[in-house]
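All ligand and atom numbering here is 1-based and tracks the order in the structure.
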Amino acid sequence: MPLHIIRNDITKVHCDAIVNAANTSLLGGGGVDGMIHRAAGPELLKECRTLGGCQTGQAKITKGYKLPCKYVIHTPGPIWNGGNNNEKELLTSCYYNSLKLAKDSECKTVAFPLISSGIYGYPKDQALQVASETISRFLSEKAPDMIVYIVVFDKNSYLISEKLYSDIRSFIDDNYVDELHNDKELFGTRELFNNIPTSAAFDDDIIHNSYENSSKSSIPSNKRGFFGRKKNTSAVQSEEKEHQELSVMLQSMDESFSEMLLRKIDEKGMKDSECYKKANIDRKLFSKIRSDRLYKPSKNTALAFAVALELSIEETKDLLQKAGFALSHSSKSDIIIEYFIVKKIYDIITINEALFSFDQKLLGA
Ligand code: AR6
């Protein structure tokens with residue numbers, strides 16, 4: 001289902017359909033419309049002439065011609081006129097009708113610009129909110145396997161309100177800790193820090209990898225110690241012991257990430273699908289996590305689930321720890337996520353918009 005926000009020129013995006021922020025004549029114009037027509041070549045205008053225009057909020061489809069996409073879906077957005085003139089309903093219709101057309105044309109991947117947010121003057125933060133809400137609802141209700149990109153072009157546009165931006169800015173300023181400074185304070189030098197064994201040394205993935213690496217080694221398996229060391233006779237007994245100790249460790253290992261995730265889903269009375277959709281996580285990835293007790297997710301995936309489950313900061317730390325991670329005040333993205341968790345704002349779209357505005361990696365997809 002996932003919704004992605006990316007920074008790019010939409011005419012360069014490879015997917016089944018891109019959406020054009022057109023005008024009602026469908027005969028081209030400035031902004032993204034002009035760029036799409038230029039990149040597609042004159043054949044596009046020729047086909048557009050046969051369509052007889054399009055009403056605001058509706059959508060029509062053409063081929064993509066020289067663009068790296070099969071189709072272009074043209075939708076004229078509303079002109080911003082203060083916000084009380086049906087702008088939101090019309091903009092919602094643009095996204096809904098474009099997605100419906102994409103689905104009817106069997107498109108699996110679709111890219112949208114922020115319709116109406118340029119020449120038509122719709123405030124970008126509100127335009128993005130309409131876009132993400134409508135797309136998420138459509139994906140969740142009608143097209144769980146479709147992948148949709150919101151493509152943002154300009155480098156410095158605010159995608160969240162200035163108030164939220166400056167609130168987060170202050171929260172970062174209050175909490176950000178310079179990593180080097182922090183490490184030195186705690187441990188004297190960075191090298192020392194790198195040598196300190198951490199709980200990650202026992203994390204599932206590292207244990208998996210040790211097995212994997214040792215099985216790929218050129219040393220025959222019966223001549224290898226547990227971590228791939230060459231065996232000598234005197235090492236045999238201690239190797240046996242290592243094995244036994246490790247088996248005991250594995251058996252008595254704490255609840256894994258996947259187990260904690262499933263337990264929390266049950267405790268919250270959520271359905272699995274509700275949880276992974278809310279986390280903006282792909283159904284296939286969720287199935288993998290569910291079926292592998294020792295699955296080690298990325299930090300962003302773990303955080304996305306923490307948000308979907310509406311965990312407190314302490315619970316979030318616990319869940320992260322199961323995956324071998326920690327929340328860090330030397331990571332801007334962690335501080336931004338913490339800001340939302342502390343404020344009990346658990347809407348992943350809002351969080352992702354903020355992460356995007358601060359040029360950080362998004363949660364979930
Ligand atoms: N890729 C992605 N986004 C882009 C690109 C690009 N190549 N170029 C611009 N944008 P606009 P509107 C962003 O003005 O507001 C035309 O003349 C841009 O930063 O293209 O719906 C039509 O013919 C902005 O955020 O469309 C209509 O007359 C967003 O795309 C009128 O403009 C939309 O900006 C439509 O105005």
(request) State the atoms of ligand 1, each with its element, that fall below the 4.0 Å cut-off from a heavy-atom position in I10. (result) 1 (N), 2 (C), 6 (C), 7 (N)
(request) Just need the protein heavy atom nearest to atom 7 (N) of ligand 1, so name the residue and atom and give the distance. (result) D9 OD1, 2.8 Å
(request) Among all protein heavy atoms, pick out the one at the shortest distance from atom 29 (C) of ligand 1; state its residue, atom name and that distance to 0.1 Å. (result) L114 O, 3.2 Å
(message) Centroid separation under 6.0 Å, is that true for the rings of F138 and Y96?
(response) yes
(message) Is it true that, when you exclude E106 itself, more than 12 heavy atoms of the residues, nucleotides or ligands shown sit nearer than 6.0 Å to its CD?
(response) no
(message) I'd like to know if the side chain of N23 pairs up with that of S25 as donor and acceptor (distance under 3.5 Å, no hydrogens or angles considered).
(response) yes
(message) Hydrogens and angles aside, do Y65 and E47 bring a side-chain donor and acceptor to less than 3.5 Å of each other?
(response) yes
(message) So that I can tick it off, tell me whether K343 and D167 are bridged by a salt bridge, with the cut-off set at under 4.0 angstrom between side-chain N and carboxylate O.
(response) no
(message) Quick test: of every protein heavy atom, which one is nearest to atom 30 (O) of ligand 1, and how far off is it to 0.1 Å?
(response) P113 CB, 4.0 Å
(request) Please confirm whether S116 comes under 4.0 Å of ligand 1, counting heavy atoms of the residue only. (result) yes
(request) Determine, for K278 against E310, whether the closest basic-nitrogen to carboxylate-oxygen distance falls under 4.0 angstrom. (result) yes
(message) Would M35 count as being in polar contact with ligand 1, using the rule that some N or O on each side must be under 3.5 angstrom apart?
(response) no
(message) Closer than 4.0 Å to some heavy atom of A21 - which atoms of ligand 1 meet that?
(response) 21 (O), 22 (C), 26 (O), 35 (C)
(message) Polar contacts were defined as any N/O atom of the residue lying under 3.5 Å from an N/O atom of the ligand; does this apply to V32 and ligand 1?
(response) yes
(message) Give me the residue, atom name and distance of the protein heavy atom closest to atom 13 (C) of ligand 1.
(response) F153 CB, 4.2 Å
(request) For atom 19 (O) of ligand 1, grab the closest protein heavy atom and report residue, atom and distance to one decimal in Å. (result) D154 OD1, 3.4 Å
(message) Among all protein heavy atoms in this structure, tell me which lies nearest to atom 25 (O) of ligand 1, with the distance rounded to 0.1 Å.
(response) S117 OG, 2.6 Å
(message) Donor-acceptor pair, distance only, cut-off 3.5 Å: does the side chain of E259 make one with the backbone of S256?
(response) yes
(request) Identify whether the distance between the nearest side-chain nitrogen and carboxylate oxygen of K288 and D292 falls below 4.0 Å. (result) no
(request) Please check if atom CD in Q55 has more than 12 non-hydrogen atoms from other residues, nucleotides or ligands closer than 6.0 Å. (result) no
(request) Would you check if the distance from the ring center of F305 to the ring center of Y276 is below 6.0 Å? (result) no
(message) Hydrophobic clusters here meaning ILVMFWY residues chained together by side-chain heavy-atom distances under 4.5 Å, can you tell me if I6 and I147 are in one?
(response) yes
(request) Taking the six-membered ring for Trp and the single ring otherwise, decide whether the centroids of Y95 and F112 are under 6.0 Å apart. (result) yes
(request) Using non-hydrogen atoms of the residue, decide whether T11 is closer than 4.0 angstrom to ligand 1. (result) no
(message) With nothing but distance in play, are any N or O atoms of G30 less than 3.5 Å from an N or O of ligand 1?
(response) yes
(request) Going by heavy-atom distance to atom 18 (C) of ligand 1, choose the closest among R7, H74, K124. (result) K124
(message) Out of all atoms in ligand 1, which are within 4.0 Å of some heavy atom of G31? Include the element for each.
(response) 20 (O)
(request) Among all protein heavy atoms, pick the one closest to atom 15 (O) of ligand 1 and tell me residue, atom and distance. (result) G118 N, 2.8 Å
(request) Return yes or no for this condition: an N or O of I119 is under 3.5 Å from an N or O of ligand 1. (result) yes
(message) Side chain or backbone, does Y120 bring an N or O within less than 3.5 Å of an N or O on ligand 1?
(response) yes
(message) Is it the case that ligand 1 has an N or O less than 3.5 angstrom from some N or O of V152?
(response) no
